[in-house]
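Read the structure below first, then the notes.
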Amino acid sequence: MFARARSWLDDRLGLSTITEFASHKTVPVHRYSVFYYLGGMTLFFFLVQVCTGVMLMLYYRPSANEAFESVEFIMTVVPFGWLIRSIHSWSANLMVFFAVAHMVSVFFMKAYRAPRELTWASGALLLFLIMGFGFSGYLLPWNQLAFFATKVGTDIAGVVPVVGPWMVRFLRGGDRVAGGTLSRFYGWHVALLPAITTVILVVHLALVQVKGMSVPAPCEEESKRRPPMKFFPHFALRDLSGWIFALGVLAALAALFPWELGEKADLFAPAYENIRPEWYFVFMFQTLKLVPGGEIAGIEYEAIPIMLFGAAGLLLVLIPFLDRGAQRTGRSKGWTLGGVAALLFALGMTCWGYASLLPLYVVLISGLLLSLLAFITRGSRNPEGR
Ligand code: HEM
């Protein structure tokens, strides 16, 4: 009966074409192969976000009068509601962390060179979308911190010449951060952003399947000597082990450090002293704090770094088309140094913003753990593509 059902489905869905493709899929083996797991890890956290987000949606109410109370209800009355909310918040942060780590690793391995330019460009768009999820989700609990951080965050957009005032109204759905902003952010967070992200994610993953995994130029000889690993079952099982481990870490973080709710937003309260956005926006926020007041040729000083950050975002998407060295030889010292400088800048500003070296330690420890993993897997022999 099972075989008949399978053949019935095969006739209609062409399953054998997919299984045939999957059985031939392989992953190159070399000393940096461990970095191939980072994209899959980001995908895992994205899936956790979708599942927990749908559960939260069942109880959340997107209005200024009810949002805070509905989150309180989720945390105190709904069975395991506090855990689901905590997992959603922790997983959001881990997803950004792994998306950045994945981007940094593919940047230094020059995996964006031909024919993978569009894989990189779609990935960069995914990163912006993930940040959009973070920004819109931050406001939803409608607490003091979220309210004032959103006020400051949207104020920043207003400084941009010409389109600034329009952008503020577009983001806020009015002149002030109020109930209208909350419903707007909710619409983006649960409908628009998920729809766009799903489409781009499908394109990104399809491109990875079509082009296969790239081999960094310095590892080409090594990769020719070592047989590639079969994706099914060997790589997929390793991916799965990583996901199970990540689920354990996520559950421990969510249970031991439950996400705080704070106090309900008071639109008339004086602004918080230490307003700070989510950690991945802190480097931009800190840079803007250093800019003195004043204007030049009718443009506020603050608008200059804001426009530079916009240009840097565009540059990020276009890297594969600009880095000629990587396209020709797979190596490009100038861009590598530029990448290191950008990372040091972002890290330095983040530490400054928090007035603490904790972000530096997090990056150092993560780098150390990944290098250790790369070292362990580097020695593993790979007979018969295992
Ligand atoms: C939601 C976010 C993302 C998800 C779920 C995701 C997922 C994946 C997966 C599963 C792979 C194959 C395994 C691997 O190389 O790790 C991959 C490859 C790749 N990704 Fe992403 N990715 C995301 C964001 C990004 C970002 C932000 C960039 C860069 C701007 C990027 C650029 C690439 C490139 C160039 C490859 C090909 C790597 C190679 O062939 O060696 N991705 N991605």
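Both ligands and their constituent atoms are indexed starting at 1 by order of listing.
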TODO: Just jot down the ligand 1 atoms closer than 4.0 angstrom to any heavy atom of L43, in number order.
DONE: 5 (C)
Open item on the list: Out of all atoms in ligand 1, which are within 4.0 Å of some heavy atom of A111? Include the element for each.
Closed with: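 Heavy-atom distances to A111 below 4.0 Å select 38 (C), 39 (C), 41 (O).
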Considering all heavy atoms of both residues, which atom of [X] and which atom of [Y] are nearest to each other, and what is their separation?
X    : Y    : result
F185 : L171 : CE1-O, 3.3 Å
K110 : G330 : CG-O, 3.5 Å
P28  : S223 : CB-OG, 4.1 Å

For [atom], closest protein heavy-atom neighbour:
atom                    : answer
atom 13 (C) of ligand 1 : Y36 O, 3.3 Å
atom 1 (C) of ligand 1  : I130 CD1, 3.6 Å
atom 15 (O) of ligand 1 : M213 CE, 2.9 Å
atom 28 (C) of ligand 1 : G123 CA, 3.5 Å
atom 30 (C) of ligand 1 : A124 N, 3.3 Å
atom 41 (O) of ligand 1 : S214 OG, 2.8 Å

Task: Non-hydrogen side-chain atoms of F281 and Y138 separated by less than 4.5 Å - done: no
Side chain, backbone, both or neither: the part of [X] lying under 4.0 Å from ligand 1 by heavy atom:
X    : answer
L201 : side chain
L205 : side chain
L316 : neither

Open item on the list: Regarding E221 and R225, does a basic nitrogen lie under 4.0 Å from an acidic carboxylate oxygen?
Closed with: no
Task: Carboxylate-amine/guanidinium contact E72 K264, below 4.0 Å - done: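 Judged by the 4.0 Å cut-off on N to carboxylate O distance, E72 and K264 do not form a salt bridge.
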Open item on the list: Please check whether T42 reaches ligand 1 - meaning an N/O of the residue sits under 3.5 Å from an N/O of the ligand, judged on distance alone.
Closed with: no
Open item on the list: Below 3.5 Å, N or O to N or O, backbone or side chain included: is there any such pair between R116 and ligand 1?
Closed with: yes
Mark yes or no for whether [X], through its side chain, and [Y], through its backbone, hold a donor-acceptor pair below 3.5 Å.
X    : Y    : answer
Y60  : L140 : yes
R226 : E222 : no
E300 : G293 : no
N143 : G262 : no
W90  : F257 : yes

Task: With atom 21 (Fe) of ligand 1 as the apex, the NE2/NE2 angle for H102 and H204 - to 10° - done: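 The angle at atom 21 (Fe) of ligand 1 comes to 170°, rounded to the nearest 10°.
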Can [X] be said to touch ligand 1, with heavy atoms closer than 4.0 Å?
X    : result
F46  : no
L207 : no
G212 : yes

